[in-house]
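So you know, we letter chains A, B, ... as the sequences are listed, proteins then strands, and number each from 1. Here the structure is a predicted model, which means the values were calculated and not measured.
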Amino acid sequence: MTIGNRSYEPGEFEARIYQFWLDRGVFEAQDESDRPPFCIVIPPPNITGALHMGHALTATIQDTIVRYHRMLGENTLWLPGSDHAGIATQMVVERALAREGTNRHALGREKFVERVWEWRRQYGSRITEQHKALGVSVDWRRERFTMDEGLSRAVREVFVRLWEDGLIYRAERLIHWCPRCRTALSDLEVVHAETKGELWSFAYPLADGSGEIVVATTRPETMLGDTAVAVHPDDERYRDRIGRQIKHPLLDRTFPIIGDAILVDPKFGTGAVKVTPAHDPNDFECGRRHGLAFLRTLDEDARITAVGGPFAGLDREAAREAVKERLTGLGLFRGAKEHLHAVGRCQRCETVVEPLLSTQWFVRMQPLAEPAIAAVRDGRTVILPEMWTKTYFHWLEGIQDWCISRQLWWGHRIPAWYCACGETVVARTAPERCPKCGGADLRQDEDVLDTWFSSALWPFSTLGWPEPTPALRTFYPTSVMETGFDILFFWVARMMMMGLRMTGDVPFRKVVLHGMVLDAQGRKMSKTRGNAVDPLEVTAKYGTDALRFTLASYSAQGQSMKLDPKRIEGYRFFCNKIWNAVRFMESALKDDPVPPVPDRCRDLGNTWILHRLDETTAAVRAALDGFRLDEACAALYSFTWHELCDWYIEWTKPALYERDPASAALRDETRAVLRHAVETTLRLLHPVIPFLTEELWQEALRPAGSADAVLASAPYPTVRADRRDPEAAARFQILRDLVGTVRAVRAEYNIPPATRLGARIVRVPEAADTLAWLLAPEILVRTGNLCGADFDTVTPDADLAGHAIGVAGKLPVAVPLAGIVDVAAERVRHDKELLKVGKEIEGLEKRLANREFLDKAPAEVVEEMRERLRHAQDRRAQVAEAIKRLSQLV
RNA sequence: AGGCGCGUAGCUCAGUGGGAGAGCACUACCUUGACACGGUAGGGGUCGGCGGUUCAAUCCCGCCCGCGCCUACCA
């Protein structure tokens with residue numbers, strides 16, 4: 001149980017510490033407990049995934065929050081799990097089959113699904129294992145998978161209930177179809193990207209040979225499915241053409257010219273629009289309005305169907321060229337121009353998505369959206385940062401029905417059966433007979449559900465729903481949902497809707513959204529670009545704690561954060577600093593018993609650090625309560641480094657090294673406070689940097705005789721108002737100023753640290769209060785030690801010729817420079833100072849001369865300005881005096 | 001097209017209606033007995049531009065410029 005001379009090597013202990021926590025069951029939550037519950041369900045990563053910075057970020061934020069609440073003594077559950085990722089996983093296994101020269105159709109559905117399960121068993125927990133390296137304090141006993149029996153049951157239950165309530169329906173609609181994945185997609189799974197295209201114009205000849213009508217299109221091949229040309233009914237140019245027929249130039253059919261005020265903007269292009277009702281959402285609506293024919297000209301592979309006559313069998317690209325060539329050959333081409341438009345691509349494979357007429361299952365969203373809007377509006381669920389609330393409302397208010405069926409084999413099969421009699425049966429378990437005709441010829445729907453359908457149930461399905469389990473009772477609604485803003489619609493909103501509908505309550509009290517991790521140049525990290533930073537490489541190089549501290553510090557940034565390796569390195573140095581501070585403490589304490597911290601300290605430094613420790617505790621707790629991890633980190637970093645290490649530890653050294661028995665009381669008090677301050681700081685830091693703090697605590701701070709004590713479940717420091725002492729803080733600040741003043745003089749003249757300086761405090765009457773305590777030998781000597789000076793005092797009328805003068809608070813300090821001074825350099829320093837003070841005085845005087853300022857500004861502000869002015873004027877006088885004295889030095 | 005957000009030191013970013021901050025980088029000095037993964041001191045900014053409100057604006061309001069993201073069916 002000692003750090004000794006070990007240097008900070010995070011790789012040496014991180015895995016060991018993680019196992020240590022597991023062995024002690026530190027992460028395990030109780031189903032029933034008197035303690036208040038705190039619960040986060042993890043956003044389940046895809047089983048096909050590999051850990052990236054986004055995972056590391058979300059894991060760090062959640063783990064920090066969870067560890068904080070665990071240390072607050074709450075019954076804390078962080079529930080882990082993963083997602084079956086329908087399309088992605090099926091693709092992975094299909095690729096493997098392709099390598100073996102076979103495919104899923106050759107294998108058959110049952111064998112294929114078994115094959116996917118096998119893949120899942122073999123490779124599907126990679127990302128889960130990787131998470132352990134980050135230190136995630138999840139309750140592994142409760143790990144869930146969306147395809148588990150329990151969760152699958154929840155999926156069927158929800159499907160049936162929604163069906164029974166009329167919120168799920170099956171219909172033929174124009175949906176997004178990915179010809180590569182060969183499945184329908186929801187609107188959200190289509191990403192639109194501005195693409196340079198071509199607006200290609202051609203003429204449709206009128207059937208009676210009386211002329212032509214010119215239309216423009218970005219997709220000429222769709223003309224094979226045109227069943228109308230629409231014009232605006234009020235458009236003078238075309239009004240008389242409405243109702244006349246067009247002769248399809250490539251196919252043996254005719255179709256009408258119609259008037260449609262909704263579809264047509266007469267100011268765009270020629271004012272005439274070709275209408276392809278089976279392949280364009282607007283045209284689909286138009287087709288319905290006018291009873292047009294719906295001709296499907298593309299099949300599931302995006303090849304031209306028989307409807308396309310001579311073009312049948314061509315894929316859409318080839319068909320486009322062929323149609324253009326043919327129309328040009330017929331002399332119907334009427335020009336082309338570059339055109340910018342948004343092309344939809346499959347989120348998974350980036351294939352251009354095809355609007356296709358197809359029979360699919362849908363969820364009616366509006367009745368679900370309304371309660372989800374209300375729950376956020378009335379504050380049952382709070383979204384942070386608040387700005388996302390508007391986005392949430394905006395999307396839900398304009399929500400479209402959700403296409404939930406996917407033409408895949410891997411996923412939750414839709415619990416619907418079709419009877420030969422035409423009846424559709426939706427049931428929790430496979431029906432044996434048709435309830436309508438009694439027939440047994442029932443065939444289950446081939447399709448599976450969108451993966452997000454099961455994800456939407458995650459906060460309650462993982463806790464045992466629909467069973468009224470103790471865990472569900474204890475932890476639902478969960479406390480916090482922490483995830484990336486990019487899945488606000490995909491996931492968060494859908495969980496809200498499903499949670500409210502199925503349980504009657506919100507799924508979580510707070511939604512905390514974080515941004516995207518970008519590389520140092522601000523580009524999205526991607527494997528193909530090769531700029532993805534592997535979190536595990538980072539942790540190997542800098543340690544997990546350094547990465548965690550970095551991510552937590554960055555996490556305030558709403559939309560994106562540029563991950564700079566230099567910053568991770570900087571926090572590794574911070575970890576090293578902490579490590580060495582504990583080493584110092586350990587060596588200072590030795591094995592001698594350390595007394596308890598007294599109610600009141602007699603040493604100024606001890607009083608001060610307890611004061612600052614308490615202020616820091618309050619600040620960190622407030623920041624963590626408000627999910628401002630960046631603020632918590634900033635407070636912890638500056639306190640630990642710049643106060644605990646830079647000032648307090650340096651301050652304690654004489655007291656700790658002093659062997660004089662007369663100061664034994666001081667030494668004991670200092671040992672007690674040092675230990676307490678370091679120990680409390682480790683507890684404050686633990687949620688963010690758990691490995692380092694646990695290792696140090698176990699080795700150097702765990703109380704003797706409590707072999708089982710674990711920092712991870714130790715109580716989080718509480719605010720101790722009785723340890724506040726603003727007066728001590730102010731006094732210690734004067735010491736810091738005093739030291740700073742002497743150090744500045746030293747640096748200014750390049751006086752080596754080894755040269756002991758004299759320093760004379762001028763006993764000015766204004767500073768009588770300060771002098772009363774300051775001049776105590778134990779204070780003055782130790783202050784002098786911090787800047788290599790021996791303090792003495794002089795009266796204000798003393799001759800300070802040849803001294804450099806600095807000011808600490810109200811206190812002038814004179815450093816005799818005879819023999820070590822470059823007069824010219826000191827002159828420059830003083831002139832600069834004079835200029836600066838002069839400017840400040842000018843500004844303040846101007847403000848104080850302003851009648852309106854005096855009348856309207858609050859009295860305390862005016863008084864503050866007056867005080868500042870007095871101060872600046874004193875300062876100017878002192879500097880002027882210093883210049884005078886300096887000139888006497890030569 | 002609409003919505004949201006951003007523009008603060010060389011870089012990455014906090015922040016506030018009354019004295020411009022941090023980290024990194026930079027400069028000078030220092031192997032002082034926790035730590036050179038360190039210490040001390042220091043340089044550097046018209047807080048995007050223009051107006052307005054106010055005694056007072058980097059902060060509130062309007063407009064403009066630049067950038068990013070999201071939503072959207074314009075052929």
Have a look at A:His339 and say if it touches a base, only the backbone sugar-phosphate, or nothing, with a 4.0 Å heavy-atom cut-off.
sugar-phosphate
Counting only heavy atoms from other residues, nucleotides and ligands, does the tally under 6.0 Å from CD of A:Glu842 exceed 12?
no
Taking atom CD of A:Glu194 as the centre, does the number of heavy atoms from other residues, nucleotides or ligands within less than 6.0 Å exceed 12?
yes
Quote, to the nearest angstrom, the P distance that separates B:U54 from B:U16.
24 Å
Tabulated below should be each protein N or O lying under 3.5 Å from an N or O of nucleotides 53-55 of chain B; please produce it.
{"unit_1": "B:C55", "atom_1": "OP1", "unit_2": "A:Lys856", "atom_2": "NZ", "d": "2.5"}
{"unit_1": "B:C55", "atom_1": "O2'", "unit_2": "A:Asn850", "atom_2": "ND2", "d": "3.0"}

Considering every strand and a 4.0 Å limit on heavy-atom distances, what is the contact class for A:Arg628: base, sugar-phosphate, or nothing?
sugar-phosphate
Whether the side chain of A:Glu650 and the base of B:A34 hold a donor-acceptor pair under 3.5 Å is what I'd like checked.
yes
So A:Met865, base contact, sugar-phosphate only, or nothing? Heavy-atom distance under 4.0 Å.
sugar-phosphate
Please determine whether the number of non-hydrogen atoms from other residues, nucleotides or ligands lying under 6.0 Å from atom CZ of A:Arg756 exceeds 12.
yes
Ignoring hydrogens and angles, tell me if any N or O in the side chain of A:Thr2 forms a donor-acceptor pair with the backbone of A:Gly4 under 3.5 Å.
yes
Return the orientation label for the A:Phe549 and A:Tyr571 ring planes: parallel under 30°, perpendicular over 60°, tilted otherwise.
tilted
Below the 4.0 Å mark, does B:G23 have OP1 or OP2 next to a side-chain nitrogen or oxygen of A:Arg567?
no
Could you work out, with salt bridge (Lys or Arg N to Asp or Glu O under 4.0 Å) as the rule, every residue matching A:Glu695, not counting sequence neighbours?
A:Arg6, A:Arg16
B:U58 versus B:C47 - spacing of their C1' atoms, nearest Å
4 Å
Kindly determine whether A:Leu696 and A:Trp579 satisfy side-chain contact (heavy atoms from CB on, under 4.5 Å), including the steps that lead there.
CA-CA 7 Å; A:Leu696 290 171; A:Trp579 182 273; 3.4 Å; yes
Only Watson-Crick and G-U wobble pairs, only distances under 3.5 Å, only runs of 3 or more: what stems does that leave for RNA chain B?
B:1-7 with B:65-71, B:10-13 with B:21-24, B:26-30 with B:38-42, B:48-52 with B:60-64
Under 3.5 Å, which protein N or O atoms sit close to an N or O of nucleotides 39-46 of chain B? Give each pair with its distance.
{"unit_1": "B:G39", "atom_1": "OP1", "unit_2": "A:Lys577", "atom_2": "NZ", "d": "2.9"}
{"unit_1": "B:G39", "atom_1": "OP1", "unit_2": "A:Trp641", "atom_2": "NE1", "d": "2.5"}

Pairs in or reaching into residues 541-554 of chain A: which pass salt bridge (charged side-chain N to carboxylate O under 4.0 Å, His left out), with residues at least two apart or in two chains?
A:Asp63-A:Arg548
Among the nucleotides B:C24, B:U71, B:C73, whichever has the atom closest to the side chain of A:His394 is B:U71
Any idea how A:Tyr204 and A:Phe255 line up, ring-wise: parallel (<30°), tilted (30 to 60°), or perpendicular (>60°)?
perpendicular
Taken in chain and number order and not counting sequence neighbours, the residues that satisfy salt bridge (Lys or Arg N to Asp or Glu O under 4.0 Å) with A:Glu9 are none
Consider the side chain of A:Ile649, meaning its heavy atoms from C-beta on, and name the nucleotide among B:C69, B:A34, B:A14 that approaches it most closely.
B:A34
Looking only at B:A34, B:C73, B:A72, the nucleotide nearest the A:Asn282 side chain is B:C73
Using a 4.0 Å heavy-atom cut-off across all strands, classify A:Phe284 as base, sugar-phosphate, or nothing.
nothing
State, yes or no, whether a side-chain contact exists between A:Thr640 and A:Phe574 at a heavy-atom distance under 4.5 Å.
yes
So A:Arg583, base contact, sugar-phosphate only, or nothing? Heavy-atom distance under 4.0 Å.
sugar-phosphate
Once you apply a heavy-atom cut-off of 4.0 Å, does A:Lys653 come out as touching a base, just sugar-phosphate, or nothing?
base
Can you tell me if A:Tyr657 touches the phosphate of B:A34, counting only side-chain N or O atoms and a distance under 4.0 Å to OP1 or OP2?
yes
Looking at every strand, decide which applies to A:Cys645 at a 4.0 Å heavy-atom threshold: base, sugar-phosphate, or nothing.
base
Around atom CG of A:Asp855, are there more than 12 heavy atoms from other residues, nucleotides or ligands closer than 6.0 Å?
yes
Within the 4.0 Å heavy-atom criterion, would you say A:Leu199 contacts the bases, only the backbone, or no part of the nucleic acid?
nothing
Would you say a side-chain N or O of A:Arg866 is under 4.0 Å from OP1 or OP2 of B:G18?
no
